[in-house]
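This report refers to the structure that appears directly beneath it.
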There are 2 protein chains.
Amino acid sequence: MTSGDGTRKSQPTIYDVARLAGVAPSTVSRAFARPGRVNADTAQRIREAAAQLGYRANPVARALSTSRTRMIALMISDVTNPYYSELIRGAQLAASQEEYTVLLTDARESDVVERESLERVLPVVEGIVIGSSRMSDSTLRVIAKQTPMIVLNRHLAGIPSVVTDNPRGVRRAVEHLGELGHEHITYVAGPEASWADGMRWRALREAGHELHLHTRRVGPVAPTLQGGRDARALLRPHLPTAVICYNDLVAIGLMRTLTAEGVRIPDDVSVVGFDNILPAELVSPGLTTVASPLRTLGSTAVGNLLAIIRGALHTTDKPFVLPTRLVVRESTGRTARR
Amino acid sequence: MTSGDGTRKSQPTIYDVARLAGVAPSTVSRAFARPGRVNADTAQRIREAAAQLGYRANPVARALSTSRTRMIALMISDVTNPYYSELIRGAQLAASQEEYTVLLTDARESDVVERESLERVLPVVEGIVIGSSRMSDSTLRVIAKQTPMIVLNRHLAGIPSVVTDNPRGVRRAVEHLGELGHEHITYVAGPEASWADGMRWRALREAGHELHLHTRRVGPVAPTLQGGRDARALLRPHLPTAVICYNDLVAIGLMRTLTAEGVRIPDDVSVVGFDNILPAELVSPGLTTVASPLRTLGSTAVGNLLAIIRGALHTTDKPFVLPTRLVVRESTGRTARR
DNA sequence: GTGAAAGCGCTAACAA
DNA sequence: TTGTTAGCGCTTTCAC
């Protein structure tokens, strides 16, 4: 079969190798799959023949008969968000270690796109990690029934998950702010559907209570730069001295708006984010943030997924918790006011 | 076949649908592939049967018999680099429009990883776009012989490519600097293997010549933040008043180092980058940069690739050129010195 | 240890 | 227009 410009020489098949090596095709197959079950010298002949012909197994054919494609899907809401860069990297790392390929499905912040790309990808992959999704818990459960699945930063009873230790991270941030003399902390909330958002706010309230700091919640806003800009309006009429934002993007958007108004950070207001994405260290002042181990998040998820695919029965229903740490930069400081 | 926890109910096949609809399997196949060639009511029956069973064609089986997987590969050197975020987005956009899936292969800045992931992915895809690659021209040509291919920001005789209009962009940057009173411009070079680097430096020299500005080249440095930091040392003993960097990351790295030293930007030195990645607008001062239409770059590449796959004979050998534009922010200004 | 043969689910001739 | 029949390239019993 030809296509495009010119003829593509079709790859040699297992039959070509078999003929050249003087064995049956099934023996060739065996030689690759279970080298132990074939005579040493036969195997040698086969390997030589294969090398000579430049034989490469056709993964599609293999997948058809074994129904193992050696592909997994990673579903995220927006490739463009720096949050996912490191996560993708981690996922790829873990996958390639076991010779798996990861199919990125980017929802582009749209649920119809999410559905479509999922449908396209689902029948091809052996499992899926949900990096983020707009789908409801029940929809996800339906899918999990069909294919191995693991979710990130979300808790779904019965479905294995990997999450970051929000409570501890928040606690550290609150302590930090407390030490700097702040008495009130305002939380700028992210999407209500976000499990992490709920966790963060709850942890903040609790930590505030324990440490005798007042906490308040405004929002929700979109988890984007624009969301951060929008948050400015929610901070009127009295600008708080300390605010913790749903994520770094929101924090950065807010900081920029504030700075443009002439508000000084951290002198007038301290700002804290979540995740520690690359821009957090690039902006001025540098953003203090509760860092997630993004890369590890990706690799752990894939590692666990692969284990499940291999047949591991994930006994525990508890989420796999990854540690966070507070990265202190210049966006937080002792308040001049009050 | 079961796997993992519990039994996965196997998907209905074309045979199930055929039986339920009371037709031959091939008719079912036809009904989906060429609805025109089947009776309206037969088609209707088939569709109903399929819907009732929840039938979904098995893409693997389809791919095996047609040798069309509806997948293409996008090869990049580093997912973590913000440069690729928008590019990936564009590629996905164009691909999903034609119901193709894109396989991201991330070289992680390593040539062995690049080779491996390419090998794994090549037999599965119908074509490949080279976003960036360490491979030599001749190696790429060998691959191009086997599969449709399109390269970005690189010129390979006989292989279709999409590039950004560096000359014009550089020209605009130089004019801008000239208007601000600068008389010397230093170029911080990127990787020597980079085609874009050569283009940029050459265009800079030419523009400088025409506009009677002195130009100088230092480097090369790595195309990263660290590269930008390293570039600082190359700017001794006399800090130039204007520098153009290979890309935004280098420019940002350099700016940060400079700022940390107390050098004022743009008062002491003006800095220009390339690409206009997200952080360029986030840093302070905002980075003046020659913007590439990143998303369009990705979508154009994929669009052209898909056209070739469909059998378009790409008559022209000339690269497809995309326009650039100068985005002026705060990192450039009138020099105080001289 | 090796070969023969059937089959994975779909498409593509070729007949009818 | 529809059904019949071979495959696509590989894996996997099951004999030998």
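Sequence lines set the chain letters: A, B, ... in the order given, protein chains first and strands last, and positions in each chain run from 1. As a basis for the values below, the full set of heavy atoms in this structure was taken, side chains included, without hydrogen atoms, waters or symmetry mates.
Checking A/Ser299 against A/Thr296 by side-chain atom types alone, no donor-acceptor pair falls below 3.5 Å. The closest side-chain donor-acceptor pair between B/Gln44 and B/Arg47 falls under 3.5 angstrom.
Here the side chain of B/Arg62 is nearest to one of C/dT11, D/dC10, C/dA13, namely C/dT11. Listed nucleotides D/dT2, C/dG9, D/dC10 differ in distance to A/Ala61; the shortest reach to its side chain belongs to D/dC10. You'll find that the side chain of B/Val23 is closest to D/dG3, out of C/dT2, D/dT11, D/dG3. Between C/dC10, D/dT13, C/dA13, one nucleotide has an atom nearer to the side chain of B/Arg30 than all others, and that is C/dA13. Looking at the side chain of B/Asn58, the nearest of the listed nucleotides C/dA4, C/dC10, D/dG9 is C/dC10.
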Given A/Leu297 and A/Asn153, is the side-chain contact (heavy atoms from CB on, under 4.5 Å) satisfied, shown in steps? CA-CA 9 Å; A/Leu297 202 55; A/Asn153 282 322; 3.8 Å; yes
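Residues satisfying the side-chain hydrogen bond (donor to acceptor under 3.5 Å, both in side chains) test with B/Tyr100, not counting sequence neighbours, are B/Arg68, B/Glu126. When the ring pair (Phe, Tyr, Trp, His ring centres under 6.0 Å) test is applied to B/Phe320, no partner is found at least two apart in sequence or on another chain.
Across all strands shown, B/Ala63 has no heavy atoms under 4.0 Å from either base or sugar-phosphate atoms. Heavy atoms of A/Val60 sit nowhere under 4.0 angstrom from any nucleic acid atom.
You'll find a donor-acceptor pair under 3.5 Å spanning the side chain of B/Ser26 and the base of D/dT4, going by distance alone. Evaluation of atom-type donor-acceptor distances gives no pair under 3.5 Å for the side chain of A/Tyr15 against the base of D/dC8.
Side chains of A/Leu93 and A/Gln97 form no contact here, defined as non-hydrogen atoms less than 4.5 Å apart. Residues B/Glu99 and A/Glu116 form no side-chain contact, since every pair of their non-hydrogen atoms from C-beta on lies 4.5 Å or further apart.
Distance CZ (B/Arg19) to C1' (D/dG3): 16 Å, rounded to an integer number of Å. Straight-line distance from the CG atom of A/Asp16 to the C1' atom of D/dC10: 13 Å, rounded to whole Å.
Nearer the 5' end of DNA chain D, as judged by each residue's closest nucleotide, is the contact made by B/Pro25, out of B/Pro25 and B/Leu64.
Contact annotation: B/Ser29 does not reach the phosphate of C/dC10 (side-chain N/O to OP1 or OP2, under 4.0 Å).
For the contact set between residues 32-55 of chain B and DNA chain C, defined by any heavy atom under 4.0 Å, the members are B/Arg34, B/Tyr55.
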